[in-house]
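Structure first, commentary second.
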Amino acid sequence: MKEFLVELTTTVPEGIGPAEVDRRRAEESVRAGELAAAGHLVRLWRPAGELRSIGLWRAADEGELYEKVLGTLPLWPWMTSAVTALEPHPNDPGRTAVAT
């Protein structure tokens, strides 16, 4: 699977009641757990003091990322996203040694 750095910002539309927001947030938590278990959501951060998320996500390609991963999030209709496709860096200290 390919890796993607994804920045998500959620804006609740005007007129949406607190009960609906709470319901979707609870569903979002469950769905995030499912996506993590499936290997799509690898890491998730929230910049200090901000209401946006930055995550490391995996999918076969960008189409799958949008259609079958991010698009399945209950809060997705209220989100804006910035997606950056990632490639391994030869100096990444997290890379495992390749046997020669």
Side-chain angles (χ1 to χ4, degrees):
M1 285 200 281
K2 296 181 181 181
E3 293 185 320
F4 300 88
L5 183 67
V6 179
E7 181 179 332
L8 299 169
T9 303
T10 304
T11 304
V12 178
E14 295 262 341
I16 301 294
E20 175 68 8
V21 173
D22 290 345
R23 182 186 67 78
R24 285 196 188 216
R25 284 187 176 146
E27 291 174 357
E28 187 85 3
S29 179
V30 170
R31 185 63 184 138
E34 294 168 349
L35 291 169
H40 292 292
L41 176 55
V42 181
R43 295 292 308 270
L44 194 59
W45 299 270
R46 172 164 286 149
E50 297 186 30
L51 294 177
R52 63 185 174 102
S53 301
I54 299 172
L56 179 60
W57 297 77
R58 290 185 179 140
D61 55 37
E62 200 165 325
E64 180 186 61
L65 178 71
Y66 278 109
E67 292 173 27
K68 296 182 180 176
V69 179
L70 299 176
T72 67
L73 295 170
L75 292 173
W76 180 248
W78 301 346
M79 291 177 167
T80 56
S81 65
V83 174
T84 304
L86 302 172
E87 294 180 354
H89 190 285
N91 297 331
D92 178 4
R95 288 180 57 138
T96 58
V98 177
T100 56

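Quick caveat: nothing in here was measured; it's all calculated off a predicted structure.
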So, the side chain of R24 versus the backbone of L75: is there a donor-acceptor pair under 3.5 Å, distance only?
no
Matching residue for L35 among V69, V42, L70 - test: side-chain contact (heavy atoms from CB on, under 4.5 Å):
V69
Output for pair (L65 CG, E3 CD), nearest 0.5 Å, gives 12.0 Å
Please check if atom CZ in R46 has more than 12 non-hydrogen atoms from other residues, nucleotides or ligands closer than 6.0 Å.
yes
Specify the closest pair of heavy atoms between L56 and W45, including all atoms of both residues, with the distance to one decimal.
N-CZ3, 4.1 Å
Run through the side-chain heavy atoms of Ile, Leu, Val, Met, Phe, Trp and Tyr, join any pair under 4.5 Å, and report what else lands in V30's cluster.
none
If you take all heavy atoms of E67 and T72, which pair is closest and at what distance?
O-CG2, 4.1 Å
Heavy atoms only: give me the nearest R31-K68 pair and the separation to one decimal.
NH2-O, 4.0 Å
Rounded to the nearest 0.5 Å, what separation is found between the OG atom of S81 and the CH2 atom of W57?
10.5 Å
To the nearest 0.5 angstrom, please state how far the OG1 atom of T80 sits from the CD atom of E7.
8.0 Å
So, taking the atom named OG1 in T10 and the one named CZ in R25, what distance separates them when rounded to the nearest 0.5 Å?
7.5 Å
W76 and I16: same hydrophobic cluster, using ILVMFWY side-chain contacts below 4.5 Å?
yes
When every non-hydrogen atom of A59 is compared with those of F4, the smallest separation belongs to O-CE1, 3.9 Å
Check the pair H40 / M1 against side chain to side chain contact (heavy atoms under 4.5 Å, CB included), numbers first and verdict last.
CA-CA 9 Å; H40 292 292; M1 285 200 281; 3.9 Å; yes
When you group the ILVMFWY residues by side-chain heavy-atom contacts below 4.5 Å and let the links chain together, are I54 and Y66 in the same group?
no
d(D92 CG, E87 CD) to nearest 0.5 Å is 13.0 Å
